[in-house]
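Note that the structure is predicted; figures quoted are calculated from it, not measured. Just so it is clear, the values below take in all heavy atoms, side chains as well, and ignore hydrogens, waters and symmetry mates. Every chain is numbered from 1 and lettered A, B, ... according to where its sequence line falls, protein lines coming before strand lines.
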Amino acid sequence: MQQPRTLFDKVWDRHVVVPETADTPGVIYIDLHLVHEVTSPQAFTEIESRGLKTRRPDRTFATLDHSTPTLPAGLNGLKPYVTPEAEAQVHRLEANCARHGISLAGWDSDDRGVVHVMGPELGLTQPGMTVVCGDSHTATHGAFGALAFGIGTSEVAHVLATQCLIQRKSRAMRVTVDGVLSPGVSGKDVALAVIAELGFGGGTGFVIEYAGGAVRSLDMEGRMTLCNMSIEAGARAGMIAPDEKTVAWLKGRRHVPSGEAFERAAVDWLTLATDPGAVFDAELVIDGGAIRPMATWGTTPDAGSPIGSRVPEPKSDSDRKALAYMGFEAGQTTTTQAVDVVFIGSCTNGRLPDLRAAADVLRGRKVKPGVRMLVVPGSEAVRRDAEAEGLHTVFTEAGAEWRIPGCSMCIAMNGDFVLPGQLAVSTSNRNFEGRQGKGARTILASPATAAASAIAGVLTDPRVYLTEAVDA
Amino acid sequence: MPEPLKTLTSKVLVLSQANIDTDQIIPARFLTTTESRGLGAKAFYDWRYEADGSAKPEAVLNRIDPTEHRILLAGDNFGCGSSREHAPWALHDYGFRAVISTSIADIFTSNALKNGFLPVVVDQATWDDLAAHPDQPVTIDLEAQEVRRGNHGPVAFAVEPFARQCLLDGVDTLGWLQKSMPAIEAFERAAQERATAPEPA
């Protein structure tokens with residue numbers, strides 16, 4: 001009888017082209033390669049300098065998201081790129097895709113979106129696949145039971161040229177979040193709680209499988225949020241076993257098989273779950289029922305705690321430096337400092353349920369004067385759906401800006417950024433020094449928390465507004 | 001193709017902060033480049049320059065001679081965060097050839113090894129010893145997999161054997177991967193056959 005295997009083992013085993021040995025890593029087949037404008041130009045240059053072509057353009061899909069403006073073209077028809085270099089980078093990807101026969105969700109496409117929002121939406125991401133992208137948040141796709149991880153530009157060239165990567169198998173960790181999540185607690189809060197427990201580097205060298213009742217209870221978007229942030233604990237990939245929710249979410253999407261082929265695929269997907277008795281190299285169990293809405297107070301994603309709790313005493317010079325940068329003091333709460341900017345969007349929290357959660361808090365209320373609130377849908381599809389539901393009106397009537405899709409203020413390379421010294425509550429994934437703009441101070445939180453903080457003008461537990469009746 | 005790297009002897013630059021992420025190594029706003037060369041000027045940019053572009057005189061990276069400091073001694077969890085290969089490109093172009101830390105992020109390690117930049121993980125005691133003697137030359141001997149400070153040491157370090165061989169010989173990893181093309185084609189044929197095979201009764 002075969003040894004019990006983990007979800008990670010099963011997906012890995014299906015993709016071994018050449019097994020690893022003591023001296024050499026294995027060669028692993030990649031089913032889906034997602035490409036964006038920032039980490040790909042040098043890879044195309046590299047393979048072209050060798051006279052190579054993209055081997056499987058049919059397994060390669062590109063989008064424009066990082067360097068793109070989130071404001072529409074002006075009256076002159078020109079898009080407001082932050083610099084000529086940003087525009088040139090976008091044109092470079094357009095030209096590379098045209099030359100290599102790669103599908104690009106470009107400016108004229110209804111599919112365009114942040115790469116990790118777009119891939120699942122189109123059904124490109126499917127259970128059991130290997131998915132890579134020159135982007136550390138590729139783990140997002142693991143929510144479907146795919147093995148998905150970020151790669152560097154040299155590896156982007158490897159995949160373009162060979163559809164394979166040179167890899168050694170990572171160790172396996174299971175993070176079990178048991179129990180029932182409280183109302184107002186989202187996938188983002190679970191992610192921040194897990195990372196706080198693991199530590200910023202605690203997942204280094206591991207692929208994480210998220211399991212347990214609280215994880216199962218998340219919708220697919222919440223699961224994507226959780227897997228998305230695996231890299232913030234150092235893990236390259238996070239995965240969740242496919243279940244009936246996964247199957248239902250994928251049914252009918254453009255690149256997913258249909259009819260009988262779908263039924264066959266679904267049966268196969270449900271066999272991917274970790275076998276009983278499979279052994280992990282590390283295990284962590286968290287009580288999901290104890291998780292409260294979370295927010296970070298430091299400059300690493302693991303520096304998070306329930307909103308309203310006190311900032312812990314610094315344990316190192318690095319902790320002291322982080323507190324000095326953030327302007328927070330040990331022993332104090334972080335709920336009294338005026339918030340300058342609220343950002344809702346990104347590959348972490350730019351999907352429809354994220355926008356609904358924020359709108360539910362904001363409906364009939366106003367963003368506090370002096371607070372700038374930016375809402376950036378994760379894709380054109382999210383934008384269409386949100387507008388069909390009238391969510392954009394909820395945001396604009398509350399005083400927020402409603403933008404077109406892109407990474408925007410998460411990485412702050414397109415002209416959307418937080419000013420030096422300003423305090424932002426952001427639904428993105430990184431609170432590093434300067435991540436949202438030079439000198440910007442970032443608090444990471446859920447969409448509901450971000451919306452509540454926009455209303456109150458200080459970091460606020462969203463449950464305050466979810467229980468309070470609105471006098472509309 | 002990276003130049004071979006066998007041994008490296010240099011003073012170390014100590015950046016003791018933990019969790020130096022790739023946004024610190026090169027801020028995202030410089031990633032609109034389509035080149036991989038010439039990024040040394042952007043290395044640790046926000047640590048080195050004010051908002052108006054003037055150099056911060058107190059910044060250690062503005063005070064050292066990069067040709068004398070080829071080794072970075074950095075705090076725990078170096079290179080965490082984004083997957084940008086621009087980080088090792090920038091460090092290499094600035095003049096660094098290796099980083100020593102108590103832990104180094106996975107993707108950074110993978111990117112660094114493909115660019116002739118050696119990530120070396122040591123235990124805390126070794127790190128403390130090196131940090132206490134920043135002016136004494138340190139030798140990283142990749143062939144022997146040892147770190148030595150003057151006559152002290154040696155301390156062994158681990159490195160993935162294939163990556164080590166690639167660095168020692170200047171192996172082109174894409175060229176190596178291409179040698180597996182027959183296996184890749186066989187894999188694809190088998191997958192195609194499985195997909196079109198009739199369902200078992």
Step by step, work out the salt bridge (Lys or Arg N to Asp or Glu O under 4.0 Å) result for A:E20 and A:R168. CA-CA 7 Å; A:E20 65 179 84; A:R168 282 193 187 275; 3.1 Å; yes

Begin from the C-alpha positions of A:E94 and A:R92 and carry the test salt bridge (Lys or Arg N to Asp or Glu O under 4.0 Å) through to its verdict. CA-CA 5 Å; A:E94 290 168 341; A:R92 180 70 81 91; over 6 Å; no

Output, in order, the C-alpha distance, side-chain angles, deciding distance and verdict of salt bridge (Lys or Arg N to Asp or Glu O under 4.0 Å) for A:K53 and A:E48. CA-CA 7 Å; A:K53 288 190 264 200; A:E48 287 179 5; over 6 Å; no

Evaluate salt bridge (Lys or Arg N to Asp or Glu O under 4.0 Å) for A:R264 paired with A:E260, printing each intermediate quantity in order. CA-CA 6 Å; A:R264 268 205 309 277; A:E260 208 182 308; 3.6 Å; yes

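Within the 4.5 angstrom heavy-atom criterion, only backbone atoms of B:Y49 (N, CA, C, O) approach chain A. Of the atoms belonging to A:A22, it is backbone heavy atoms, and not side-chain ones, that fall under 4.5 Å from chain B. Only the backbone of A:R14 has a heavy atom closer than 4.5 Å to any heavy atom of chain B. At a 4.5 Å heavy-atom cutoff, the contact between A:T24 and chain B is made by backbone and side-chain atoms alike. The part of A:S67 that comes within reach of chain B is its side chain, from C-beta onward, which places non-hydrogen atoms under 4.5 angstrom from that chain. Interface remark: B:T109 contributes no atoms to any contact with chain A (heavy atom separation under 4.5 Å). For a residue to count as touching a neighbouring chain, one of its non-hydrogen atoms must lie under 4.5 Å from one of that chain's; by this rule A:I411 touches chain B with backbone and side chain alike. Using a 4.5 Å cut-off between heavy atoms, B:Q165 makes no contact with chain A at all. Both the backbone and the side chain of B:E185 come within contact range of chain A, with heavy atoms under 4.5 Å apart. For chain B, no part of A:V90 is nearby; none of its heavy atoms comes within less than 4.5 Å. Of the two parts of B:T173, the backbone and the side chain both hold a non-hydrogen atom closer than 4.5 Å to a non-hydrogen atom of chain A. In this structure, chain A has heavy atoms under 4.5 Å from both the backbone and the side chain of B:Q17.
Between chain B and the residues A:H137, A:E155, A:H66, A:E232, the largest count of heavy-atom pairs under 4.5 Å involves A:E155. When each of B:S103, B:A183, B:S16, B:A186 is checked for heavy-atom pairs under 4.5 Å with chain A, B:A183 comes out on top. By number of non-hydrogen pairs under 4.5 angstrom with chain A, the leading residue of B:N111, B:I107, B:T32 is B:T32. Among the candidates B:I104, B:N77, B:T34, the residue making the largest number of heavy-atom pairs closer than 4.5 Å to chain A is B:T34. Counting heavy-atom pairs under 4.5 Å between each of A:T39, A:V38, A:I166, A:I151 and chain B puts A:I166 at the top. In terms of heavy-atom pairs under 4.5 angstrom with chain B, the leader among A:D317, A:L52, A:V156, A:D319 is A:L52.
Heavy-atom neighbours of chain A within the stretch residues 79-88 of chain B, taken at a separation under 4.5 angstrom, comprise B:C80, B:G81, B:S82, B:S83, B:R84, B:E85, B:H86. At a heavy-atom cut-off of under 4.5 Å, chain A is reached by B:E160, B:P161, B:F162 from residues 156-163 of chain B, listed in order of number. Among residues 29-37 of chain A, the residues having any heavy atom closer than 4.5 Å to a heavy atom of chain B are, in sequence order, A:Y29. Identified by a heavy-atom distance below 4.5 Å to chain A, contributing residues of residues 57-76 of chain B are lacking entirely.
Remark: the B:D129 side chain and the B:T126 side chain contain no N/O donor-acceptor pair separated by less than 3.5 Å.
Here B:F30 and B:Y45 bring their ring centres to under 6.0 angstrom of each other.
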